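Quantities reported herein were computed from a predicted structural model and do not represent experimental measurements. In what follows, every chain begins at residue 1, and chains take the letters A, B, ... in the order their sequences are listed.
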Number of protein chains: 2
Amino acid sequence: MRYHKIPDETIRRLPVYLRGLQYLLDQGRQSVSSISLADFLHVSAAQIRKDFSYFGDFGTRGVGYDVETLIRQIRNILKLSDTSGAALIGAGNLGTALLAYPGFRTYGFEILAVFDNSPAKIGKKIGRAKVEDIVNIEEITRRGIKLAIIAVPAEAAQDIADKLVAAGVNGILNFAPRFLSVPKKVKVITIDIAMELGRLPYYM
Amino acid sequence: MRYHKIPDETIRRLPVYLRGLQYLLDQGRQSVSSISLADFLHVSAAQIRKDFSYFGDFGTRGVGYDVETLIRQIRNILKLSDTSGAALIGAGNLGTALLAYPGFRTYGFEILAVFDNSPAKIGKKIGRAKVEDIVNIEEITRRGIKLAIIAVPAEAAQDIADKLVAAGVNGILNFAPRFLSVPKKVKVITIDIAMELGRLPYYM
DNA sequence: CTATGTGAATTTATTCACAGCA
DNA sequence: TGCTGTGAATAAATTCACATAG
């Protein structure tokens, strides 16, 4: 395969493929063609083949893709191969919901630490995690955590982001409706619920 | 202005512009140029001008855009002009977090009804809303609610979606990690948290 | 002189269509 | 034969660059 810059859109789709394949694997499916995977995931077959082709020859002509192998390959590309720990900042309703969210495990994430600034919450257990005081946020450095989830009010988000960066985090999943300023080496993905909802009426 | 098909990407950006403009308005800003808005929102100025140009001539050459007028225009385009009611299905942690989410108001949404199937929750008040029994879901027809938010476990999501469609809903914001099959006239936007998180390590 | 609005140029992403391998 | 892998063709989105209006 010749060199090609990998489209961002391709990376965005890989987790979608991964979930679909995981589902097929759970169903006992051994191999899958681009056409049947495409049908299942509501994307085009050519898209799937092209996306995979950027990374190598994963399939077998005349047969299709081996589900288990393909899952492993995608996990490698996305660097989900080994479980990595994440810290959750904010133990409110959203934080609590995230702690209970089953989706993280699929992607090899485990929330290892939870921080909050409310005395009422510090020390309490939520699920398996005990809420720690936000002033000890640099603890994440010692524990080698590189990834954090921000679930605090918008006003506090930038301050928390600064502290996380200082503590060595290089990936942030941000649920606060704010643009976060961080150094280039740190990747932020913001999930802004209202922003998604905002375009819904247009299509209705 | 000649006819142009409006790119989906433009629609996706309008809520981003809207939030930025709202912020500027709160700061007392009266008018804004594409360049300063672009700086503020971290997009390109040409993009902003092109996006707006699809809908008409909103600006004044040599001056810029009137913030208040522009907000009104975007709200019109997105059909956010009058507050519309929404139903929330699922009163778990996520549902509770969504009820407390301040972002909805900005976009003219108000959660008017909350449904759940858990006897422990039915009848309880969460914030201003009283949780109703999911078996009475068709109540939303009577109340003229056209928009719903699904915050139930993945397994239950499709069943709920079917019921919502039957009740006349034509827009769904889906938080369950499942593809929802609905008639073409119904618009679904799925926010899949794990899917966003899944591509974060790739960039780290 | 400033900043919009917009065709044209460019870049990016998707789809087509088919050669080539199992 | 069946399905992948991939250049070539097409479509979509972004950026450029400038004429034009205030």
To the nearest Å, give me how far apart [atom1] ([X]) and [atom2] ([N]) are.
X: B:Asp57; N: C:dA3; atom1: CG; atom2: P; answer: 18 Å
X: A:Gln73; N: D:dT4; atom1: CD; atom2: P; answer: 15 Å
X: A:Asp51; N: D:dT6; atom1: CG; atom2: C1'; answer: 13 Å
X: A:Glu9; N: C:dT11; atom1: CD; atom2: C1'; answer: 14 Å
X: B:Asp66; N: D:dG22; atom1: CG; atom2: P; answer: 16 Å
X: B:Ile6; N: D:dA11; atom1: CD1; atom2: C1'; answer: 18 Å
X: A:Ile48; N: D:dT4; atom1: CD1; atom2: P; answer: 9 Å
X: B:Asp8; N: D:dT14; atom1: CG; atom2: P; answer: 11 Å

* **B:Arg12/B:Asp8 ion pair, N-O < 4.0 Å** =>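 Looking at B:Asp8 together with B:Arg12, the answer is no, because their closest N to O distance does not fall below 4.0 Å.
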At under 4.0 Å between heavy atoms, what does [X] touch on the DNA or RNA strands: base, sugar-phosphate, or nothing?
X: A:Arg12; answer: nothing
X: B:Lys5; answer: nothing
X: B:Phe58; answer: sugar-phosphate

* Enumerate the residues from residues 37-44 of chain B whose closest heavy atom to DNA chain D is under 4.0 Å, giving them by residue number; use none for an empty result. =>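 Nucleic-acid contacts, sorted: B:Ser44.
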* Which residues satisfy the salt bridge (Lys or Arg N to Asp or Glu O under 4.0 Å) test with A:Arg13, sequence neighbours excluded? ->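 With sequence neighbours excluded, A:Arg13 shows a salt bridge (Lys or Arg N to Asp or Glu O under 4.0 Å) to A:Asp51, given in chain and number order.
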* Going from CG on A:Asn170 to CD1 on A:Ile145, what distance comes out if it is rounded to the nearest 0.5 angstrom? ->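 One gets 12.0 Å once the value is rounded to the nearest 0.5 Å.
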* How far does CD1 of A:Ile111 sit from CD1 of A:Ile126, to the nearest 0.5 angstrom? ->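 If we round to the nearest 0.5 Å, A:Ile111:CD1 and A:Ile126:CD1 are 10.5 Å apart.
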* Taking for each residue the nucleotide of DNA chain C with the nearest heavy atom, is it B:Ala46 or A:Gln47 whose nucleotide lies nearer the 5' end? ->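 Going by which nucleotide is closer to the 5' end, it is B:Ala46.
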* Could you tell me how the ring of B:Phe52 sits relative to the ring of B:Tyr17: parallel (under 30°), tilted (30 to 60°) or perpendicular (over 60°)? =>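 It falls in the perpendicular class, over 60°.
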* To do: Just say parallel, tilted or perpendicular for the rings of A:Phe55 and A:Phe58, cut-offs at 30° and 60°.
  =>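 It falls in the parallel class, under 30°.
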I'd like a table of donor-acceptor pairs (distance under 3.5 Å, sequence neighbours excluded) in which one partner is a side-chain atom from residues 175-194 of chain A, with atom names and distances.
from	atom 1	to	atom 2	distance (Å)
A:Thr190	OG1	A:Asn174	ND2	3.1
A:Asp192	OD1	A:Ala194	N	3.3
A:Asp192	OD1	A:Met195	N	3.3
A:Asp192	OD1	B:Arg19	NH2	3.4
A:Asp192	OD2	B:Arg19	NH1	2.1
A:Asp192	OD2	B:Arg19	NH2	3.3

Pair up each side-chain donor or acceptor in residues 89-100 of chain A with any protein partner under 3.5 Å, not counting sequence neighbours, and list the distances.
from	atom 1	to	atom 2	distance (Å)
A:Thr96	OG1	A:Gly92	O	2.7

* To do: Return the residues of residues 19-30 of chain B meeting this criterion: a heavy atom under 4.0 Å from some atom of DNA chain C. Order them by number, or give none.
  =>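 DNA chain C contact set from residues 19-30 of chain B: none.
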* Minimum side-chain heavy-atom gap B:Tyr65-B:Arg49 below 4.5 Å ->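 Side chain of B:Tyr65 against side chain of B:Arg49, heavy atoms only: contact under 4.5 Å found.
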* Using a cut-off of 6.0 Å, state whether more than 12 heavy atoms not belonging to B:Gln27 lie near its atom CD. =>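 Atom CD in B:Gln27 is crowded, with more than 12 foreign heavy atoms closer than 6.0 Å.
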* Among side-chain atoms of A:Asp162 and A:Gln158, is any donor-acceptor pair under 3.5 angstrom? ->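 On atom types as modelled, these side chains qualify, holding a pair under 3.5 Å.
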Listing time: all N or O pairs from protein to nucleotides 1-3 of chain D that are below 3.5 Å?
from	atom 1	to	atom 2	distance (Å)
D:dG2	N2	A:Gly62	N	3.4
D:dC3	O4'	A:Gly62	N	3.0
D:dC3	O2	A:Gly62	N	3.3

* B:Arg143: which of B:Glu110, B:Glu132, B:Glu138 passes salt bridge (Lys or Arg N to Asp or Glu O under 4.0 Å) ->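 Result: among B:Glu110, B:Glu132, B:Glu138, B:Glu132 is the only option passing the salt bridge (Lys or Arg N to Asp or Glu O under 4.0 Å) with B:Arg143.
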